Amino acid sequence: MVDSFKVFEDMAESREELRKFSYELVINFMTRKCTSLLLGEYAKSEYQRSPLFSIIDGLITMGQRELSGEQQRVIQIVKMRGLAHSRDEYTFKIQSDGIGIFAPRLTIKRSAPPEPGKGGDRCQTGIGKLDDLLGGGIPRGSSLLIAGVAGTGKTVLGLEFVYRGALAGEKGIIFSFEETDARLRAEARGLGWEFDAEIASGMIEIVFIPQPDILVEQDLLMMQEKIVAMGAARVVVDSLSVFVRKIKDEQLVRDKVFQIATVVQNSNAVGFLATDIPYGSALMSRFGVEETVVDGVIILTAKEEGLERQRYLEVYKLRNTAHLKGRHTMTIMTGGIQIFPRYRPDEVEHVNPPSAKVLHRLSTGISGLDKLLGSGLLSRSVTLISGSSGIGKSILALQFLLEGAAKREPGLYVTLEEEPKELLANAAALGLPLKKAVDSGLVEIVYLSPNHVRSTQFLAVLTDKIKKQKTCRLVLDSTTHIVVSGMPQDDVRDLLYDMVVRLKITESRASSRSSRIRCIRRISARSKAFRRSQITLSCSAILKSTTHSDRL
């Protein structure tokens with residue numbers, strides 16, 4: 001090594017003398033099979049002027065300039081005879097063990113995806129109902145962009161993703177550029193998770209890098225090393241928009257996102273890449289290019305409804321997956337995220353609800369009413385019970401459920417008005433054995449307060465209850481609360497229609513066990529809001545099949 005060779009150029013009296021000296025020196029080195037480094041402070045303008053550059057075999061330049069929004073050292077191989085070298089410019093850092101060069105474009109190369117049946121299975125997130133929306137899970141090797149404004153739940157979604165994975169035996173790693181390790185742990189504890197125990201067992205690792213210390217090229221290689229060393233199956237980057245915030249070139253942002261996705265794919269893991277989007281913007285990412293690189297996009301939104309904001313989750317894109325479209329209600333509570341799908345995958349194929357079973361009737365428990373109906377209500381039908389307050393709608397509904405209990409047909413009473421204690425007290429006062437039916441498990445009373453369960457969540461909650469109890473008879477008391485909840489008229493109409501379809505499909509799925517669902521829905525006649533909604537429910541099927549249609 002000669003440091004600095006530039007001195008000889010300054011001392012030479014002519015270019016000819018410098019050329020002769022340089023040539024003889026290089027020949028002497030080559031003759032003695034010596035590999036030499038000639039150091040010098042040369043500017044690019046001197047490459048063509050100095051005779052030295054026509055003699056040497058290789059040229060490596062080192063400099064300093066702004067890159068990714070920061071002043072960084074850069075290195076580039078301009079010339080190297082006999083080698084197919086890279087001509088790109090890379091950053092480097094002087095460390096305690098010497099110079100470290102960061103070249104993710106060379107070291108992060110996308111490998112071929114796994115063959116079918118060889119690690120190409122799906123990752124079950126374990127987050128309530130999210131796998132239903134994702135069509136049964138996420139293909140391994142995929143990276144998903146988790147996009148949303150501040151406060152929509154991106155960090156919580158990432159935390160729960162790795163936590164549920166740890167409980168299922170899959171290691172996960174979180175790269176945080178905003179929240180410290182201690183704050184993320186505290187947030188997880190607040191949700192009731194044993195997060196610290198999973199970290200102690202080595203199933204979860206948190207890597208925190210403060211925003212001022214971010215070096216994109218260096219940290220990309222660090223991510224790769226950490227993921228490979230841990231064998232992580234789940235990767236969270238929180239947040240991607242902070243990680244590349246200093247890069248002003250959109251193409252360079254796209255390259256960095258692609259490199260992160262490549263690391264995830266090569267590890268056959270699943271990556272959640274959180275990104276902040278400007279409030280009120282139509283973009284689904286901070287820079288507008290990230291979504292073109294990743295395999296999937298989940299959009300989190302918060303909409304002001306009444307005096308509070310309601311969170312929504314939408315699977316906007318997911319490759320190789322028949323995911324459910326549209327926005328679905330999402331809540332964050334103790335235990336984690338709860339999602340309320342508007343419909344289920346097994347219901348998509350149904351365009352029209354199954355028709356009522358004309359040849360099968362159910363007794364209402366009121367003999368006179370059964371006669372008027374021509375031996376009872378049709379199986380798999382929906383009946384509207386309308387009347388003013390105090391007219392006896394609830395008592396009729398209770399008799400309907402108790403008649404089913406006497407025949408070992410499970411019944412579900414969903415009340416949006418009275419609490420279960422009040423219903424039991426009223427039934428006891430009339431001598432109805434409701435408490436006995438509840439204690440035996442044949443009748444279940446569920447109180448869904450409109451203050452806690454919104455109309456957009458109602459269908460999902462109701463369907464889960466029906467499936468869990470294997471309900472044959474259902475009472476909803478009362479639909480008025482849904483109608484006057486402030487929803488637009490068209491939304492109310494769609495909700496009621498979807499509810500009817502949901503009930504009939506649920507019964508149709510369970511036909512193998514001879515289950516019969518019967519739904520009685522009460523509506524108060526004095527509700528002006530409901531009269532204005534002009535909702536019409538057709539009863540033509542009942543009229544055609546009833547022998548006493550004139551009395552009906």
Side-chain angles (χ1 to χ4, degrees), residues 1-68 70-112 213 215-230 251-252 255-256 258-260 262-263 265-267:
M1 180 181 73
V2 181
D3 187 7
S4 154
F5 196 83
K6 186 74 159 51
V7 174
F8 297 113
E9 184 170 337
D10 296 336
M11 296 174 60
E13 296 181 356
S14 64
R15 288 173 54 87
E16 290 74 13
E17 185 180 9
L18 176 62
R19 180 184 295 275
K20 182 179 179 181
F21 170 76
S22 301
Y23 181 78
E24 290 178 352
L25 185 65
V26 170
I27 292 298
N28 271 277
F29 289 155
M30 292 175 61
T31 303
R32 290 163 176 78
K33 299 181 180 179
C34 178
T35 301
S36 57
L37 295 179
L38 310 181
L39 311 185
E41 304 79 26
Y42 292 93
K44 287 186 177 181
S45 59
E46 297 178 272
Y47 294 172
Q48 302 296 328
R49 182 178 59 82
S50 175
L52 174 65
F53 294 95
S54 61
I55 300 172
I56 57 176
D57 298 297
L59 174 61
I60 299 176
T61 64
M62 304 173 73
Q64 181 172 300
R65 67 181 182 84
E66 182 177 326
L67 188 66
S68 300
E70 297 179 341
Q71 287 294 326
Q72 298 189 39
R73 291 184 170 97
V74 293
I75 187 169
Q76 182 182 20
I77 302 175
V78 179
K79 169 186 177 183
M80 192 63 65
R81 285 174 181 162
L83 294 178
H85 61 85
S86 171
R87 296 184 60 86
D88 293 331
E89 191 176 61
Y90 300 99
T91 61
F92 72 93
K93 187 177 182 181
I94 300 176
Q95 306 171 134
S96 58
D97 59 347
I99 287 180
I101 298 177
F102 310 109
R105 278 171 285 179
L106 289 179
T107 57
I108 301 178
K109 296 291 186 179
R110 179 161 294 194
S111 59
D213 299 340
L215 294 173
V216 176
E217 303 288 329
Q218 176 181 340
D219 292 336
L220 273 172
L221 295 177
M222 179 272 296
M223 289 182 191
Q224 182 184 41
E225 293 173 358
K226 291 280 188 182
I227 293 171
V228 173
M230 183 186 192
Q251 181 57 46
L252 191 56
D255 291 343
K256 301 311 170 188
F258 180 80
Q259 289 165 4
I260 295 177
T262 296
V263 172
Q265 178 177 305
N266 292 347
S267 302

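What you see is a predicted model, and the numbers here were worked out from it, not measured in a lab.
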Strictly distance-based, threshold 3.5 Å: is any side-chain N or O of E217 a donor or acceptor partner for the main-chain N or O of A103?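 Such a contact is absent between E217 side chain and A103 backbone.
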Heavy-atom donor-acceptor pair, K79 side chain to I56 backbone, under 3.5 Å: yes
With rounding to the nearest 0.5 Å, note down the distance linking [atom1] in [X] to [atom2] in [Y].
{"X": "E89", "Y": "I77", "atom1": "CD", "atom2": "CD1", "answer": "12.0 Å"}
{"X": "I101", "Y": "Y90", "atom1": "CD1", "atom2": "OH", "answer": "10.0 Å"}
{"X": "M80", "Y": "S86", "atom1": "CE", "atom2": "OG", "answer": "12.0 Å"}
{"X": "Y42", "Y": "T61", "atom1": "OH", "atom2": "OG1", "answer": "14.0 Å"}
{"X": "S22", "Y": "F53", "atom1": "OG", "atom2": "CZ", "answer": "10.0 Å"}
{"X": "I55", "Y": "L18", "atom1": "CD1", "atom2": "CG", "answer": "7.5 Å"}

Donor on one side chain, acceptor on other, T91 and Q218, under 3.5 Å: no
Hydrogens and angles aside, do D255 and Q259 bring a side-chain donor and acceptor to less than 3.5 Å of each other? no
Begin with the C-alpha distance, continue with both residues' side-chain angles, and end with the deciding distance and a verdict on side chain to side chain contact (heavy atoms under 4.5 Å, CB included) for M62 and I99. CA-CA 12 Å; M62 304 173 73; I99 287 180; 4.1 Å; yes
State whether the number of non-hydrogen atoms from other residues, nucleotides or ligands found under 6.0 Å of Q64 atom CD is greater than 12. yes
Specify the closest pair of heavy atoms between [X] and [Y], including all atoms of both residues, with the distance to one decimal.
{"X": "V74", "Y": "F92", "answer": "O-CE2, 3.3 Å"}
{"X": "K256", "Y": "L220", "answer": "CD-CD1, 3.7 Å"}
{"X": "G40", "Y": "S4", "answer": "CA-OG, 3.8 Å"}

Derivation and outcome, side chain to side chain contact (heavy atoms under 4.5 Å, CB included), residues F29 and L38: CA-CA 11 Å; F29 289 155; L38 310 181; 4.3 Å; yes
Pair Q265-T262, side chain to side chain contact (heavy atoms under 4.5 Å, CB included): steps then yes or no: CA-CA 5 Å; Q265 178 177 305; T262 296; 5.7 Å; no
Begin from the C-alpha positions of K93 and Q72 and carry the test side chain to side chain contact (heavy atoms under 4.5 Å, CB included) through to its verdict. CA-CA 8 Å; K93 187 177 182 181; Q72 298 189 39; over 6 Å; no
With side chains defined as the heavy atoms from C-beta onward, is the minimum distance between L25 and F5 less than 4.5 Å?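 Yes - at least one pair of side-chain heavy atoms lies under 4.5 Å apart.
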